[in-house]
Amino acid sequence: MSGNEPWEYSLYIPNDLRAVTVSRRTLRLILTMHGLIRLVDVAELLAAELVSNAVRHTKGPAALRVRWAPPGTLRIGAWDTDPEPPESPPALPAPDDSEDGRGLTLVRACSDLWGWHPLAADGNRGKYVWCELGSHDSVSATLTPLPAAHVIDSNPSL
């Protein structure tokens with residue numbers, strides 16, 4: 001499979017904080033095998049934040065979805081069973097030393113685009129929170145803040 005062909009992986013995970021580590025390591029392997037090592041560090045951070053939110057703030061199972069679309073967009077998303085929208089992240093991290101509430105702020109700062117949409121199909125309820133990284137040169141500069149917007153994805157499929 002070349003870098004010009006689309007691909008997609010889904011990893012279904014239990015409601016367990018250990019799933020964050022499993023998701024990060026699985027994503028690293030996927031990106032390495034597809035020759036996208038330059039995206040690994042930022043993609044791992046983003047996936048960990050999305051999966052962590054899905055596991056911490058819901059009681060049901062979750063899923064990590066990774067999709068590559070030529071000419072160079074990586075979409076990382078997490079599905080969870082809670083249909084409530086995620087809290088809108090502040091523009092800047094909270095000034096205290098708290099580790100809570102910074103996940104979507106990091107997603108917003110480190111991705112090119114992010115958003116969410118509710119899901120209600122085939123008896124499944126919940127939401128899908130996603131972000132995108134381009135394969136352009138600025139992404140290879142790890143953790144360089146990029147502008148992002150909150151958008152609602154018009155594609156209701158997971």
I'd like to check [X] versus [Y] (side-chain heavy atoms, cut-off strictly below 4.5 Å). Are they in contact?
X      : Y      : answer
Ser10  : Leu64  : no
Leu11  : Leu27  : no
Ser111 : Trp130 : no
Asn53  : Val107 : no

> Of all residues at least two apart in sequence or in a different chain, which pass the side-chain hydrogen bond (donor to acceptor under 3.5 Å, both in side chains) check with Arg25?
Replying inline: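 By the side-chain hydrogen bond (donor to acceptor under 3.5 Å, both in side chains) rule, Arg25 matches no residue at all.
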>> Determine whether a donor-acceptor pair (N or O, by modelled atom type, separation under 3.5 Å) exists between the side chain of Asn15 and the backbone of Val55.
In response: yes
>> Donor-acceptor pair, distance only, cut-off 3.5 Å: does the side chain of Lys127 make one with the backbone of Pro85?
In response: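 Checked: no pair found.
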Got a second to check how far [X]'s [atom1] is from [Y]'s [atom2], nearest 0.5 Å?
X      : Y      : atom1 : atom2 : answer
Ser23  : Ile76  : OG    : CD1   : 11.0 Å
Leu50  : Leu104 : CG    : CG    : 7.0 Å
Asp112 : Thr73  : CG    : OG1   : 8.0 Å
Cys131 : Leu74  : SG    : CG    : 8.0 Å

What are the two closest non-hydrogen atoms of [X] and [Y], and how far apart are they?
X      : Y     : value
Trp79  : Pro61 : CZ3-O, 3.5 Å
Thr81  : Lys59 : OG1-N, 4.5 Å
His57  : Asp82 : O-OD2, 4.0 Å
Ala54  : Ala78 : CB-CB, 4.4 Å
Cys110 : Val42 : O-CG1, 3.6 Å

> Under the ring-ring contact (aromatic ring centres under 6.0 Å, His included) criterion, do Trp68 and His34 qualify, and how do the steps go?
Replying inline: CA-CA 10 Å; Trp68 175 256; His34 282 283; 8.6 Å; no
>> If the threshold is 4.0 Å, N to carboxylate O, is there a salt bridge linking Arg65 and Glu8?
In response: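 Answer for the salt bridge query: yes.
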> Is any side-chain N of the basic residue among Arg56 and Asp80 closer than 4.0 Å to the acidic one's carboxylate O?
Replying inline: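 No, Arg56 and Asp80 are not salt-bridged.
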> Does the cation-pi check pass for Arg108 over Trp114, that is, NZ or CZ under 6.0 Å from the six-membered ring centre and within 45° of its axis?
Replying inline: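 Here Arg108 fails the 6.0 Å and 45° test against Trp114.
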>> For a side-chain contact (heavy atoms from CB on, under 4.5 Å) check, start with the C-alpha distance between Leu46 and Leu133, then their side-chain angles and the critical distance, and finish with the verdict.
In response: CA-CA 10 Å; Leu46 296 171; Leu133 287 175; 3.9 Å; yes
> Do Met33 and Ile37 share a hydrophobic cluster, counting only Ile, Leu, Val, Met, Phe, Trp and Tyr and linking them when any side-chain heavy atoms are less than 4.5 Å apart?
Replying inline: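 Hydrophobic grouping puts Met33 apart from Ile37.
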> Trp7 and Leu29: same hydrophobic cluster, using ILVMFWY side-chain contacts below 4.5 Å?
Replying inline: no
>> Let's go through Arg38 and Val40 carefully: what are the C-alpha distance in whole Å and the side-chain angles of both, what is the deciding distance for side-chain contact (heavy atoms from CB on, under 4.5 Å) to 0.1 Å, and is it a yes or a no?
In response: CA-CA 6 Å; Arg38 68 192 175 281; Val40 167; over 6 Å; no
